[in-house]
Amino acid sequence: MLRRALIAGVFGLVLAGPAAAQPRTLLMPGVTYEQQVAFTSHGPVVYHVLVAPRPGGLYSLRPALADGTILGRGTVTSIQKRVSGGATVAGINGDLFNSADGHPTGLVMQDGVLWHRPSAERSSIGIDSEGTLHVDRVTMFGTWQGTGPRRTLNGLNETPPANGTSLYTPAWGPATPASPGSYEAVLSPMSPALPNVDLPGVVVQIAQGGNTPIPVGGAVLVARGTQVPRLAAEALVGGDLTLRLLLQPDWTSMLQGLGGGPIVVRDGKVVFRANELFTPDQLLPRAPRSAVGQLADGKIVMLVVDGRQPGYSVGLTNFELGQAMQRLGCVTASALDSGGSSTMAFDGRLLNAPSDGAERAVKEAVLVYYTGVYVPPAPQPVLSPNGDGIADRQALAYKLVRPTTVTAQLVGPDGRAYYSDAGLKNAGVYKIVWPPAGPAPLQGRWQWVVTGVDDQGQRSSVDRGFTVNNTLGSLRSQPPAMAVPRANPRAVATVSVGQTATVLAWVESETGAPIVNIASQRVAAGQLVLQWDGRGHSGSPVYPGRYVVKVAATNGFGRVELATTFRVVKAKPKPLPRRKPS
């Protein structure tokens, strides 16, 4: 509800213009998030745009699977939380998936190792060793060879056809699925499933019927139907077996990959018809959409468009998604799973408004991984340590995902470091609560600066600022509840003013709708009484209910704001005068 209220506020500000944008937010070093609103003849459209550096160094772009295995589903935020110990991450939902068991329907590649084969009828997305994003139609042809000729391998981490074979690696899970009548050769050790090279393995065990444990550093080759006697005759215990997973085009330079499609931008031009395996119902309606692309300078762009929510966001067609990615500057871009799956999140926190009303469980997310120092924004943008119990303390923190030599400093307005910590620290989250007991800190702008060099020699630094401003304190509403209508103003709140400032006070509804301004003046230090007659801008009495008084003070130390609630009740009618007996 809060997110929609914010959007509604943006609408109110820009009804005369074609589009609006909320301020761009720095999520982590080099990675920004921006929410945009466009007004179209079909209704409003809300865009969520994430921009990250070219993959390399401290940054990578890679798929992450729910539960870290081929089967199962999870929300994008839960996937992010699972991997957050190894990186700070931001990203969106990934490819289409099977709704029954959650297995992916297209390519999955991590660190150059194949986890699932691509769909030949749809685009696949790859990120190579130079950080370049590729969108290609990729096919896989697999073979296995024991003591006989090369035989066809039909699948990777998926059920083999009735008369075929499939290879199960640890990416599938702990054991092969139950499969009555199957014949299984356990390989240990076996080379990781890299594409376009020979993958040697040693047969150490024969099993039948499925539920066969998949060894760490090994695999299980499963045959069904007419392929059972061939595997039985040519995969002998103690013997060698070689597999090949051939990708066309040659994707041996790819480090990460996932399924996608259709391609929506190629060479900087929008693709109207990609001729991929998608139905008109998937491409033509205006719906929530997700996409990933790359700018000419190598930066990665992720886009989620909310949809199916009339009055908030109607969504886009697939072609309009391509136009949006082109407007953002992408030279290459691919669509991803759409509809209720369309999700954007950062560090386990949802950024968009999914059309289901909540996150949908998906198979995978495509995430920007950042492995440098991460410093979250200060919880209190304006700190007022004046003892009134409001914004008196600041909880500062930083996160490391690798052993790192760190220097952390809290620098005051005078340029002096009032807190400093340095040394080699292990991965983890480090916190301080500030200020300590003692004299009040200087008013003005403070900087929380953390710099680190990790055990791979990668340097990173984050600077987060906040303001200390003690101008306002002890804002209190005045009981009892105000009765309206009333003829004269009465005190609704009092606030202490610590030093001369320009003070603005106003009344809002609980939902944030402005009611009336009740003060706008230059005020010296002292106690300020705020009065109100219970009427809105129009002069009419407001309705009974809960309201909010907000006070903002601005001076050389910046702006500080406080708020408190109070009640409005209906005034009791005055009793009629009694008649004197005649």
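Every value quoted in this text rests on a predicted model; they were computed, and no experiment measured them.
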Query - Nearest non-hydrogen partners of G340 and P354, listed with the distance - result: O-CB, 4.4 Å
Requested in this report: Could you tell me whether the side chains of D306 and N352 share a donor-acceptor contact shorter than 3.5 Å?
Outcome: yes
Query - N469-T471 side chain donor-acceptor pair, cut-off 3.5 Å - result: yes
Query raised in the report: So how far is it from Y369 OH to Y59 OH, rounded to the nearest 0.5 Å?
Result: 16.0 Å
Query - Test log, rule side chain to side chain donor-acceptor pair (under 3.5 Å), inputs Q499 and Q443 - result: CA-CA 11 Å; Q499 53 258 326; Q443 297 188 85; 3.2 Å; yes
Report task. Please find out if less than 6.0 Å separates the ring center of Y418 from that of W446. Result -> yes
**Report entry** Salt bridge present between R416 and D414 (N-O < 4.0 angstrom)
**Finding:** no
Query raised in the report: Got F97 and D337 here, is their nearest side-chain heavy-atom distance under 4.5 Å?
Result: yes
Requested in this report: Give the C-alpha distance, both sets of side-chain angles, the deciding distance and a yes or no for side chain to side chain contact (heavy atoms under 4.5 Å, CB included) between Y419 and L396.
Outcome: CA-CA 11 Å; Y419 169 89; L396 301 172; over 6 Å; no
Query raised in the report: Looking at R286 and E320, does any basic side-chain N land under 4.0 Å from a carboxylate oxygen?
Result: yes
Query - W448 vs D463 side-chain heavy atoms within contact, under 4.5 Å - result: no
Query raised in the report: Looking just at side-chain N and O atoms, do N93 and S290 make a donor-acceptor pair shorter than 3.5 Å?
Result: yes
Requested in this report: Could you give me the CA-CA distance, side-chain angles and deciding distance for V375 and V449, then say whether side chain to side chain contact (heavy atoms under 4.5 Å, CB included) is met?
Outcome: CA-CA 9 Å; V375 178; V449 184; over 6 Å; no
Query raised in the report: Are the side chains of K550 and E508 in touch, meaning some heavy atoms are under 4.5 Å apart?
Result: yes
Query raised in the report: What pair of heavy atoms forms the shortest contact from Q380 to A391, and how long is it?
Result: OE1-CB, 3.6 Å
Query - Sidechain-backbone polar pair: Q80 side chain, G348 backbone, donor-acceptor under 3.5 Å - result: yes
Requested in this report: Would you check if there is a donor-acceptor pair between the side chains of T451 and T407 at a distance under 3.5 Å?
Outcome: no
Query raised in the report: What distance separates T371 OG1 from L400 CG, expressed to the nearest 0.5 Å?
Result: 11.0 Å
**Report entry** Close side-chain approach of L61 and M302, heavy atoms under 4.5 Å
**Finding:** yes
Query - N/O donor-acceptor pair under 3.5 Å between W532 side chain and M482 backbone - result: no
Query raised in the report: Quick one: are R393 and P435 in side-chain contact, heavy atoms under 4.5 Å?
Result: yes
Report task. Compute both the distance and the angle, then confirm whether K425 meets the cation-pi test with Y430: under 6.0 Å from the six-membered ring centre, within 45 degrees of the axis. Result -> yes
Report summary line: Tightest non-hydrogen contact, residues G91 and V76, listed as O-CG1, 4.4 Å
Query raised in the report: Quick one: NZ on K81 to CG on D347, what's the gap to the nearest 0.5 Å?
Result: 9.5 Å
Requested in this report: Could you tell me whether R486 and D533 have a side-chain N and a carboxylate O separated by less than 4.0 Å?
Outcome: no
Requested in this report: Would you check if the side chain of K399 reaches a backbone N or O of A87 as a donor-acceptor pair within less than 3.5 Å?
Outcome: yes
Requested in this report: Check for a donor-acceptor pair, side chain of E364 on one end and backbone N or O of D95 on the other, with a separation under 3.5 Å.
Outcome: yes
Query raised in the report: Hey, mind stepping through V45 and L316 against side chain to side chain contact (heavy atoms under 4.5 Å, CB included) and telling me if it holds?
Result: CA-CA 8 Å; V45 180; L316 298 177; 3.9 Å; yes
Query raised in the report: Roughly how far, to the nearest 0.5 Å, is OG1 of T404 from CZ of R459?
Result: 12.0 Å
Report task. Could you tell me whether R567 atom CZ has more than 12 heavy atoms of other residues or ligands within 6.0 Å of it? Result -> no
Query raised in the report: Do the side chains of E561 and V382 get nearer than 4.5 Å, heavy atoms only?
Result: no
Query raised in the report: Would you say the side chain of T77 lies within less than 4.5 Å of the side chain of I79, judging by non-hydrogen atoms?
Result: no
Requested in this report: Taking Q294 for its side chain and G298 for its backbone only, find out whether a donor-acceptor pair lies under 3.5 Å.
Outcome: yes
Query - K299, NZ: over 12 other non-hydrogen atoms inside 6.0 angstrom - result: no
Requested in this report: Drop me the distance from W506's CH2 to H537's NE2, to the nearest 0.5 angstrom.
Outcome: 11.5 Å
Report task. Over all heavy atoms of both residues, which pair between Q409 and A417 is shortest? Give the atoms and the distance, please. Result -> NE2-CB, 4.0 Å
Query raised in the report: If we ignore angles and hydrogens, is there a donor and acceptor under 3.5 Å between the side chains of R546 and T565?
Result: yes
Report task. Would you check if there is a donor-acceptor pair between the side chains of T343 and E359 at a distance under 3.5 Å? Result -> no
**Report entry** Exam field: side chain D388 to backbone G473, donor-acceptor pair closer than 3.5 Å
**Finding:** no
**Report entry** Minimum-distance pair of heavy atoms, taken over all atoms of F346 and M28
**Finding:** CE1-SD, 4.0 Å
Report task. Return yes if some donor-acceptor pair links the side-chain N/O of K363 with the main-chain N/O of G72 below 3.5 Å, else return no. Result -> yes
Requested in this report: Before giving the answer on side chain to side chain contact (heavy atoms under 4.5 Å, CB included), spell out for K431 and Y398 the whole-Å C-alpha distance, their side-chain angles and the decisive distance to 0.1 Å.
Outcome: CA-CA 7 Å; K431 302 178 180 180; Y398 63 90; over 6 Å; no
Query raised in the report: Is the NZ or CZ atom of R464 both under 6.0 Å from the centre of the six-membered ring of F466 and within 45° of that ring's axis?
Result: no
Query raised in the report: Is it true that a side-chain atom of S84 and a backbone atom of T88 form a donor plus acceptor pair closer than 3.5 Å?
Result: no
Query raised in the report: If you take all heavy atoms of A324 and L303, which pair is closest and at what distance?
Result: CB-CD2, 3.9 Å
Query - Inter-residue atom distance L424.CG - T405.OG1, 0.5 Å rounding - result: 4.5 Å
Report task. For residues Q456 and R402, determine if any side-chain heavy atom of one lies less than 4.5 Å from a side-chain heavy atom of the other. Result -> yes
Query raised in the report: Is the backbone N or O of L27 less than 3.5 Å from a side-chain atom of T25, with the two atoms forming a donor-acceptor pair by type?
Result: no
Requested in this report: Using atom types as modelled and distance alone, determine if a side-chain donor or acceptor of Q447 lies under 3.5 Å from a backbone N or O of L410.
Outcome: no
